[in-house]
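Order of listing sets the numbers, starting from 1, for every ligand and every atom in it. Computed over heavy atoms, backbone and side chain alike; hydrogens, waters and symmetry mates excluded. All residue numbers in this chain count up from 1 along the given sequence.
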Amino acid sequence: MEKGMSYGSDYKYIPATSLKSGTGDEIRPDVYYHTIQIVNIALIGRPGSSFVLIDAGMPHSADTIISLTENRYGPDTRPDAIILTHGHFDHVGALIELVEHWDVPVYAHELELPYLTGKKSYPEPDMTVEGGMVAKMSPIFPIEPINLGDRVDRLPSDGTVPHLPGFRWIHTPGHSSGHVSFFRDSDGVLIAGDAFVTVKQEYLYRVFTQEKEISGPPRYLTPDWHAAWESVKKLEALKPAAAVTGHGIPIQGEELSQNLEKLARDFDKIAIPDYGKYLN
Ligand SMILES: [Zn+2]
Ligand SMILES: [Zn+2]
């Protein structure tokens, strides 16, 4: 591994998967998502043009991400940048191998940088939170920070997204302090990250089947529910037309607007767990 970059010592393969693993689709001609086991990555840019990778999948998924990228954009292509919604293990799992292979810059929100430069661990997952098997297995999830050294930069403070003209980043904290989502005003495309998801991520069976059901951020890793609710309200106010979420199947049109409105209104009933250590 290149000098100056390392994963945390608790980094490991996580044996969890879904029926959608290894599949993906275009929600716009230039917006493609792909499911790596239980998490989504997004490739923004039409085949034949430059592109950006959003998030970096599960641990040990670099070969998969490189080959699906080459399938879409051609052999030996590489993105202009890798841009992160946040630094949880399932969104940075292949990041070091990808940076080494492609030699491209990484961007994230300023408040997420301590978790990406080896300075700060995420709060421990809450296995006692209301939820199913994924919540119960969450103590095995890596929480020690990845260290990207000087290979990661903060997103520009003016809201623009490097290499993605037309998109702006929106600070959506709660699930993590430097969590961001990406929004394109021209056609309402939203890359939501884990600000909200379309599968009840705490429940192994639902994760496996990817049964579509709008939900707040994954409960076991969300320390600030008040901020998380505010973030969902912020995204709902944008009236997005289509959303790729960090977990679950993308959601569009009326199904999105109705469900997101309901989530923003009834977040306390739908998203906030009845019990768990990060309440109030
Ligand atoms: Zn997360
Ligand atoms: Zn996630």
Which single N/O/S atom of His86 lies at minimum distance from the Zn ion (ligand 1)?
->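 Checking each N, O and S atom of His86, the shortest distance to the Zn ion (ligand 1) belongs to NE2.
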Which atom, among the N/O/S set of Asp194, is closest to the Zn ion (ligand 2)?
-> OD2
Do any N/O/S atoms of His179 come under 2.8 Å of the Zn ion (ligand 1)?
-> no
Would you say Asp90 reaches the Zn ion (ligand 1) with an N/O/S atom under 2.8 Å?
-> no
Measure up the [X] and [Y] rings against each other and bin them: parallel (under 30°), tilted (30 to 60°), perpendicular (over 60°).
X     : Y     : result
Tyr7  : Tyr11 : parallel
His86 : His91 : tilted
Phe51 : Tyr73 : parallel

Has His91 got an N/O/S atom less than 2.8 Å from the Zn ion (ligand 2)?
->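 It does; at least one qualifying atom falls short of 2.8 Å.
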The Zn ion (ligand 2) to His88: any N/O/S contact under 2.8 Å?
-> no
Will you find, in the side chains of Glu112 and Ser176, an N or O donor that is under 3.5 Å from an N or O acceptor?
-> yes
Would you tell me whether Asn40 and Thr35 have side-chain atoms, one donor and one acceptor, within less than 3.5 Å of each other?
-> yes
